[in-house]
Amino acid sequence: MAVALDKLSPDLREQRLREVEAAVARHRDKPGALLAVLKEVQGILGYLPEEALKKVSQGLELPLSQVYGVATFYTLFNTRPRGQHIIRLCESAPCHVQGAREVLEALKRELGIGPGEDTPDGKWSLELVSCIGVCGVAPAIMIDDQVYGNLTPDCIPGILASYR
Ligand code: FES
């Protein structure tokens, strides 16, 4: 699980914030910088804490409300520390009719958590999302950047085991 910024040692915290400032500076004059910066900052910190969003807002000269709005709109961004691996289960109609609900039940059984939750060991987070663009292989999930399709509940234990 990403370590919360306020749990880092003062030196490491300062170092991470300097990296955030450098990321902002690298993108400052590019079109569409906000998404690129948020992605990079999340790569540095593992999530997007308020302090980092303020630095992005100042650095890009954008209202904090706009930066916060983008950070909370996209499911790929997290404003709190999440698990080492994030499972995103598509709950849009094509996946739903092909059995996404049963796949979700298998995930809940295996992980012991529900949507929006993290396992106590910090290994997994579970999210429900809209279409992830692979409707042809519904029902589908993503684990980090990897897509898994044509799922049945029986697939889940093996997929999770491959991350252990
Ligand atoms: S509806 Fe699930 S991937 Fe498109």
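We count ligands from 1, going down the list as the structure has it; atoms in each ligand are counted the same way. Computation of the quantities below employed the complete heavy-atom set of this structure, encompassing side-chain atoms and omitting hydrogens, waters and symmetry-equivalent molecules.
Against a heavy-atom cut-off of under 4.0 Å, Ile132 is close to the following atoms of ligand 1: 3 (S). Residue-ligand proximity, Ser92 to ligand 1, at heavy-atom distances under 4.0 Å covers atoms 1 (S). The atoms of ligand 1 that sit less than 4.0 Å from any heavy atom of Cys90 are 1 (S), 2 (Fe), 3 (S). Of all the atoms in ligand 1, the ones that sit under 4.0 Å from a non-hydrogen atom of Pro94 are 1 (S).
The closest side-chain donor-acceptor pair between His27 and Glu40 falls under 3.5 angstrom. Checked by atom type, the side-chain pair Ser9/Asp11 shows no donor-acceptor distance below 3.5 Å.
Within the coordination shell of atom 4 (Fe) of ligand 1, defined by N, O or S atoms under 2.8 Å, Cys131 is present. Between atom 4 (Fe) of ligand 1 and Cys135 there is an N/O/S contact shorter than 2.8 Å. Under 2.8 Å from atom 2 (Fe) of ligand 1 lies an N/O/S atom of Cys95, whether from backbone or side chain.
Between Cys90 and Cys131, the shortest heavy-atom contact is SG-CA, 3.7 Å.
The hydrophobic cluster containing Leu89 does not contain Val147, counting ILVMFWY residues as joined when their side-chain heavy atoms lie under 4.5 angstrom apart, directly or transitively.
Shown are Gln84, Arg82, Arg88; of these, the side chain to side chain contact (heavy atoms under 4.5 Å, CB included) with Ser125 is made only by Arg82.
Between the CG atom of Leu111 and the CG atom of Asp121 there is a distance of 9.5 Å, given to the nearest 0.5 Å.
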